[in-house]
Every structure is written in C-alpha cells, then in structure tokens.
There are 2 protein chains.
Amino acid sequence: MDPEAIRRSLEGRGLRCTAQRYAVMAFLMEHTGHPTAAEIFEAVNRADPRSSRATTYNNLRDLVQAGLVREVAVEGRAARFDAKGMRHHHFICDRCGKVEDVEWYDVPRPASGSLGKRILRECELIFRGLCSKCAPRQASR
Amino acid sequence: MDPEAIRRSLEGRGLRCTAQRYAVMAFLMEHTGHPTAAEIFEAVNRADPRSSRATTYNNLRDLVQAGLVREVAVEGRAARFDAKGMRHHHFICDRCGKVEDVEWYDVPRPASGSLGKRILRECELIFRGLCSKCAPRQASR
DNA sequence: GAATTATTTAGACTATATCTAACATGATAT
DNA sequence: ATATCATGTTAGATATAGTCTAAATAATTC
Ligand SMILES: [Mn+2]
Ligand SMILES: [Mn+2]
Ligand SMILES: [Zn+2]
Ligand SMILES: [Zn+2]
C-alpha cells in the first residue's frame, strides 16, 4: 500500500497524518480480517513507535467519523474494524463471532413512506449463520 | 398479551415458564422500543417478584437462543432486545443509538457461490442515519 | 521561534456483561 | 407424599471493553 496514498486520504479528511494514526490505518488496509481494537493496538506496537491504548481508540473513532474505517458491532464481543475499500457485505458467525466479507450486491431501499422524517445514510446487509470453520463441528452435534 | 400464549411459547422451546423468565418475555412483548438489559431489569423489578441482574441476563440469553427474542448490537452502546413478532428491519440512529422498527420487505440472498461452505441462517438489513428526533438538530449545524 | 492547536499518554474510571457456588424451585420417580 | 434430579435463581465478585482526565508532546501557523 502506498504510504503517500494513506497520508493523502487522512489529510483529505482533515486528519493529521501522525505516526500513530498512520499505523492504525495502514494496519487495517493490510489486514482484512476485521481486527478488534485490542488486536490493532497490539499489532501496531510490535513496531515502533509505541502507541497508547487510548490513542488507538481515539484514532479508530476519528477514522470511523471520517468515513475511512467501518466499525462492526458484534453481540457480546468486542467491536471489529475494517478499512472501507471496496463495498461489501458482512457475514457474522453465530458461534465464533468471526466477521467475513461477502461480495457486494445492491440492496433495495425501503419505501420512502416507511422512513418518515428519518434521514437515511446507508443500508447495511448482514448475513448470519456458521462460518466455514464452525459449520462442520456444529453439524456433528 | 395472553399469559397462556407466553407460557406456551416458552415451553414450546423447552424453557420452563418461571416468574422471572415470564416477566422478561412479557415486558418485551409489551414494549417495542428495544430496551437494554438494564432497562428490562429495572422494569420487571418494579413489580414483584424481584429478579436479579444475573437472571435477567441469563433469561435474555436463553430467550435469544430459543429464537423468541432478538438481540441488536449497537456500536459503543449496550445491546438492545426485542421480541420476535412480525418480521421487520431495523433503523439505528447514528447520533443517539435508538433502534426503530422498519416495515419488512424481502431481501435478495447472496449468490450461493459467494457463501462457500458457510451455513446461512438469516439476512439482516440495518438502516443507518438520523432518527426523526435527531434529524432536525443535525440539519442546523 | 512564539503562539496556537491537535494529538498522545498513563492510568483511573465507567459501563456492560459473565462467572461462581450456594441455594431454591419445579419435575419425575418411587 | 417424599426423595431424587435437573433446571433456574441469587449476590456479589470478576472480566472485558471502552472512555475520561489532565499533563506532556508534536504539528502548524503567525
Ligand atoms: Mn469487511
Ligand atoms: Mn425491532
Ligand atoms: Zn465460526
Ligand atoms: Zn437519534
């Protein structure tokens, strides 16, 4: 991934390109496995410079607000994050909580009447079930 | 809501109809505003018998597992719950985290190839944006 | 380079949820 | 009915995830 492209995407959204913030963004672009904040914190600190836990959370919040990163809430587990690259849907495993990408396809929007005065920003489609790792073991129960 | 119907739906899923469990289920069927576990705990304890916090969480877990209740994870906030009555989608407010029902309509399933060996249980469609309460105040910023 | 603003930091703190192990209750068998 | 066994409840301790604070540092502007 081009470091200059990352810098530009941060600055284009009004965020300074600090070493810590860059490290979070770069890590998310290189790892598409939807890491948790704790995993990101640990990973970026294996290389210097060290980044604090608060900064990792702060930067994730800023990146989400800036629209560069998506946060995925999973029931009963830590939130997971991914860089918003190509559009895609998500599959969340009932058993292990793993979040996986699913090829994107268009989703029909609700009838305008059913939204009333709400302002719609996005439609998110989430698939649930058992991931390919958990499916076999569940079948044999 | 018919008490006997609630009892039957619990027992039909292999759950004993205890006073505490009944109270959680009945509350969810009467309140469609997607309360949190803490709100449910407080509400069912305004009437007797008293139910502990652990029991409220235990029963919510059991009811979700039994397929009678749905849990909705909201980023950065406590999970919310609703009784699975009529099928519907959800709208989640970016600003206040409120979860609201949206009239159900059919969602196209992914191409079978894109799911691989995963076992699909359900497709969940979530709308995001500003609720009718938050929309005006955001416009004037 | 001084002033201003944004960012980082450690660690305290809060919120949410789970676990433990003793006890109570309901169901089943005798 | 009484004993037995499985299921459910409880208070409080514990765990996990995430936020807050106030002081220090770094980037940007004047
Ligand atoms: Mn993703
Ligand atoms: Mn609902
Ligand atoms: Zn899985
Ligand atoms: Zn709102």
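Residue numbers start from 1 in every chain, and the chains themselves are labelled A, B, ... in the order their sequence lines are given, proteins ahead of strands. On a predicted model such as this, the values are computed, not experimentally measured, just so you know.
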List the residues meeting side-chain hydrogen bond (donor to acceptor under 3.5 Å, both in side chains) with [X], not counting sequence neighbours, and say none if there are none.
| X | answer |
| --- | --- |
| B/Glu100 | A/Arg118, B/Lys98 |
| B/Glu122 | none |
| B/Arg50 | B/Asp48 |

In the hydrophobic clustering (ILVMFWY, side-chain contacts below 4.5 Å, transitive), which residues join A/Trp104, or is it alone?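 Direct or chained contacts put A/Trp104 with none.
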Tracing side-chain links under 4.5 Å among I, L, V, M, F, W and Y, which residues wind up in one group with B/Val72?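 Once heavy-atom contacts under 4.5 Å are chained together, B/Val72 belongs with A/Val72, A/Val74, A/Ile92, A/Val99, A/Ile126, B/Val74, B/Ile92, B/Val99, B/Ile126.
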Short heteroatom pairs, N/O only, protein and nucleotides 15-21 of chain D, under 3.5 Å:
| from | atom 1 | to | atom 2 | distance (Å) |
| --- | --- | --- | --- | --- |
| D/dG18 | OP1 | A/Ala79 | N | 3.2 |
| D/dG18 | OP2 | A/Tyr57 | OH | 3.1 |
| D/dG18 | N7 | A/Arg53 | NH1 | 3.1 |

Would you mind reporting whether A/Glu4 and A/Arg8 have side-chain heavy atoms less than 4.5 Å apart?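 Yes, close enough: below the 4.5 Å cut-off.
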Validation row: B/Leu125, B/Tyr105 side chains within 4.5 angstrom (heavy atoms):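 A side-chain contact exists here, since the closest heavy-atom pair is under 4.5 Å.
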Relative orientation of the end axes in the helix from C/dG1-D/dC30 to C/dT30-D/dA1, expressed as an angle to the nearest 10° (five pairs per end):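 Rounded to the nearest 10 degrees, the bend comes out at 30°.
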Do nucleotides 2-8 of chain D as a string where each nucleotide becomes B, S or -: B if the base has a protein heavy atom under 4.0 Å, S if just the sugar-phosphate does, - if no protein is that close. ----BBS
Which nucleotide span of DNA chain C, 5' end to 3' end, has atoms closer than 4.0 Å to non-hydrogen atoms of chain A?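 Answer, 5' to 3': C/dT5 to C/dA12.
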Once side-chain contact (heavy atoms from CB on, under 4.5 Å) is applied, do any residues pair with A/Glu75, and if so which ones, sequence neighbours excluded?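 So A/Glu75 forms a side-chain contact (heavy atoms from CB on, under 4.5 Å) with A/Arg128, B/Glu71, B/Ala73.
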Which residues share a ring-ring contact (aromatic ring centres under 6.0 Å, His included) with B/His88, sequence neighbours left out: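 With neighbours one apart ignored, the set is B/His90.
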Tell me, which pairs form a ring pair (Phe, Tyr, Trp, His ring centres under 6.0 Å) where one or both residues lie in residues 59-86 of chain B, sequence neighbours left out?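 Not a single pair qualifies under ring pair (Phe, Tyr, Trp, His ring centres under 6.0 Å).
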Using only heavy-atom distances, determine whether the side chains of B/His34 and B/Asp101 contain a donor-acceptor pair under 3.5 Å.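 Side-chain D/A pair, B/His34 to B/Asp101: present.
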